[in-house]
Amino acid sequence: MFLDHPTITATSASTEPDRIERLNRVYGYVVGLADYFQNTDFITKIWQIHDHKGTLLVIWLLQPSDAEKGYFEKAWASKLGDSSNSVEHEMKGVKA
């Protein structure tokens with residue numbers, strides 16, 4: 001069992017708690033995709049996911065593959081997410 005899951009945050013989380021719920025669903029979707037594709041190292045690469053006014057920001061500890069980025073893009077575009085393609089990826093400590 002993996003215990004160091006990423007930090008999940010959202011802009012206006014205190015007044016819009018559904019944003020955190022949505023991120024939890026998206027994270028579950030993403031982890032399910034990684035498991036399906038037998039990507040066992042994936043979960044250790046993510047540091048934080050953040051909903052910034054409808055844009056999903058994924059902050060990575062280790063460089064993700066295009067497929068790993070795609071897990072988040074697919075999840076965020078789904079009805080579990082924001083139904084949008086607004087996803088940004090950054091490395092921890094490196095601003096885009």
Side-chain angles (χ1 to χ4, degrees):
M1 178 169 62
F2 184 75
L3 298 177
D4 293 332
H5 294 284
T7 303
I8 296 176
T9 60
T11 302
S12 303
S14 61
T15 57
E16 299 177 75
D18 58 309
R19 290 181 178 274
I20 297 296
E21 175 63 29
R22 176 170 61 184
L23 287 172
N24 281 316
R25 290 191 309 259
V26 165
Y27 180 63
Y29 186 121
V30 165
V31 171
L33 283 173
D35 186 58
Y36 177 79
F37 290 110
Q38 299 177 344
N39 185 343
T40 57
D41 294 330
F42 168 77
I43 201 168
T44 64
K45 293 183 176 185
I46 311 161
W47 184 67
Q48 180 179 13
I49 59 175
H50 177 77
D51 177 354
H52 181 70
K53 300 179 183 177
T55 297
L56 178 64
L57 176 60
V58 184
I59 302 174
W60 300 86
L61 289 167
L62 300 170
Q63 187 65 45
S65 68
D66 287 341
E68 291 168 335
K69 290 179 182 180
Y71 298 162
F72 280 102
E73 291 156 9
K74 184 171 183 63
W76 197 242
S78 76
K79 290 186 179 191
L80 291 177
D82 193 58
S83 298
S84 79
N85 295 320
S86 187
V87 179
E88 297 177 6
H89 300 273
E90 292 181 4
M91 293 297 295
K92 183 178 181 215
V94 179
K95 291 290 180 189

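Here, residue 1 is the first one in the sequence, and each next residue gets the next number.
Summarising the local packing, CG of Asn85 is surrounded by 12 or fewer heavy atoms from other residues, nucleotides or ligands at distances under 6.0 Å.
Interatomic distance, OG1 of Thr44 versus CG of Leu62, reported as 6.0 Å (0.5 Å rounding). Annotation: the span from Ile43 atom CD1 to Tyr27 atom OH amounts to 3.5 Å, rounded to 0.5 Å. Atom CH2 of residue Trp60 and atom NE2 of residue His89 lie 6.5 Å apart, to the nearest 0.5 angstrom. For the atom pair CG of Asp51 and CG of Leu56, the computed distance is 7.0 Å after rounding to the nearest 0.5 Å. The CD1 atom of Ile8 sits 4.0 Å away from the CD1 atom of Ile49 when rounded to the nearest 0.5 Å. Distance check: Gln48 CD to His5 NE2 gives 15.5 Å after rounding to the nearest 0.5 Å.
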| task | Could you check Val30 against Phe42 for side chain to side chain contact (heavy atoms under 4.5 Å, CB included), going step by step and ending with a plain yes or no? | result | CA-CA 10 Å; Val30 165; Phe42 168 77; 3.2 Å; yes
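Contact check for Ile46 versus Phe72: side-chain heavy atoms found under the 4.5 Å cut-off.
Side chains of Glu88 and Thr55: no donor on one and acceptor on the other come within 3.5 Å.
Closest approach of Gly54 to Trp76, counting heavy atoms only: O-NE1, 3.3 Å. Smallest separation of non-hydrogen atoms from Val26 and Gly81: CG2-CA, 3.6 Å. Scanning both residues, Ile59 and Met91, for their nearest heavy atoms gives CG2-C, 4.1 Å.
Sorted by first then second residue, the salt bridge (Lys or Arg N to Asp or Glu O under 4.0 Å) pairs that include residues 58-75, not counting sequence neighbours, are Lys45-Glu68.
Of the residues listed (Glu16, Lys53, His50, Arg19), the one engaging Thr11 in a side chain to side chain donor-acceptor pair (under 3.5 Å) is His50, and it is the only one.
Using modelled atom types, one side-chain atom of Asn24 and one backbone atom of Ile20 make a donor-acceptor pair closer than 3.5 Å.
When ring centroids are compared, Tyr29 and Tyr71 stay outside the 6.0 Å threshold.
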